[in-house]
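Here's the structure, in structure tokens; my notes come after.
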Amino acid sequence: MTDIKAVLKAYADRFNSEIVGLFDGATGPEARVVEAMKYSVLNGGKRLRPYLVCETAGLFGKSFEQSFPAAASLEMLHSYSLIHDDLPAMDNDDLRRGKPTCHKQFDEATAILAGDGLLTYAFEVLATSDYPADVKIELMKLLSRGAGAFKGMVAGQMLDLYAEKIHKPENPLALISHIEEMKTGCLLSYACEAGAVIGGADEKQRQILLNYSRKIGIAFQIADDILDAEGDPALVGKTLKKDKEQNKLTFVSCYGIEKARRISQDLIAEAMDIISVFNAKGQNLQALAKFIIERNF
Ligand code: GRG
């Protein structure tokens, strides 16, 4: 089977060497915000979302270069969400990817602006890309929806903050599933759908990729909850055991670790089965699905 860790590392190196160039050219004292944006995008990260964009578009013969604008804009948007999530008003974290969070490295106002700058720049990168107009519009529609406040990431974050204040939700599992589907799942689904759009997939292929993304999305979140409960902070690169300390509603608090682990394993088996219709071309996506629950960072 594919050595997915090595594949991801090679992908991250190539991706980083391309994306760094998108932060050139800022001048004057206001360049501080671009420095903060660059710091947050280039401070590590597994690059799962951009990799998913490239790998799913690759199923339809598209190259790294062809997928890069969509991959880069998605990672910018993801990085904005992490910067804002780490702020004192949200999760109040000092560490991200093993390094000081943006507001610790710079200051709070700069971190807020860096997040705003990355969110805006993500759409500029898409708008100024060489994709055909219909592809650009579709990508911008899907990304803004997936990241947005109605049924997307911002909605998920809002509900997550609110859930902490509900002491006894009527159906905790339904609530946490709904939160995570929006907060984490939407961007992972966008990554796979973007690949389908860039690749010109037909409706059936697009639905297959969406089904795959939904399975790995929930499994990803369960793995994240398990890492918070029993991971090694030095490997994960952030403060752990916060969920329990803050009495947070998570898949682990609902199911317990062992059941949560079994559910994530079942989801990954289903994801691998779903993607097997692409035969050998889907091998890396199968390996990635396994990596999502086996990772220790
Ligand atoms: C502030 C609008 C706004 C949204 C924040 C994504 C998010 C919503 C919060 C992050 C909180 C969190 C830790 C969620 C768990 C899932 C997640 C997004 C983990 C980080 O993603 P990875 O593991 O990170 O892909 P790297 O660093 O590898 O990119």
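Numbering of ligands and ligand atoms starts at 1, following listing order. All heavy atoms count here, side chains included; hydrogens, waters and symmetry mates do not.
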Practice task
For residues 78-115, pull every pair meeting ring-ring contact (aromatic ring centres under 6.0 Å, His included), keeping only residues two or more places apart or in separate chains.
Solution key: Tyr39-Phe106, Tyr80-His84
Problem - Side chains of Asn211 and Gln207, donor plus acceptor under 3.5 Å - result: no
Practice task
For the residue pair Ser189 and Arg214, confirm or rule out a side-chain donor-acceptor distance under 3.5 Å.
Solution key: no
Tabulation required: pairs of a nitrogen or oxygen in ligand 1 and a protein nitrogen or oxygen under 3.5 Å; columns are atom names and distance to 0.1 Å; otherwise 'none'.
unit_1	atom_1	unit_2	atom_2	d
ligand 1	21 (O)	Arg49	NH2	3.2
ligand 1	23 (O)	Lys46	NZ	2.6
ligand 1	25 (O)	Arg49	NH1	2.7
ligand 1	25 (O)	Arg49	NH2	3.4
ligand 1	27 (O)	Arg97	NE	2.7
ligand 1	28 (O)	Lys46	N	2.8
ligand 1	28 (O)	Lys46	NZ	2.9
ligand 1	29 (O)	His78	NE2	2.8
ligand 1	29 (O)	Arg97	NH2	2.8

Handout entry: Ring-ring centroid check Tyr11 Phe64, cutoff 6.0 Å
Key = yes
Exercise for the section: List, by chain and then residue number, the residues other than Leu240 in its hydrophobic cluster (Ile/Leu/Val/Met/Phe/Trp/Tyr, side-chain heavy atoms under 4.5 Å); write none if there are no others. Expected result: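 When side chains under 4.5 Å apart are linked, the cluster holding Leu240 also contains Leu227, Val236.
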Problem - Members besides Met90 in its Ile/Leu/Val/Met/Phe/Trp/Tyr cluster (side-chain heavy atoms under 4.5 Å) - result: Leu161
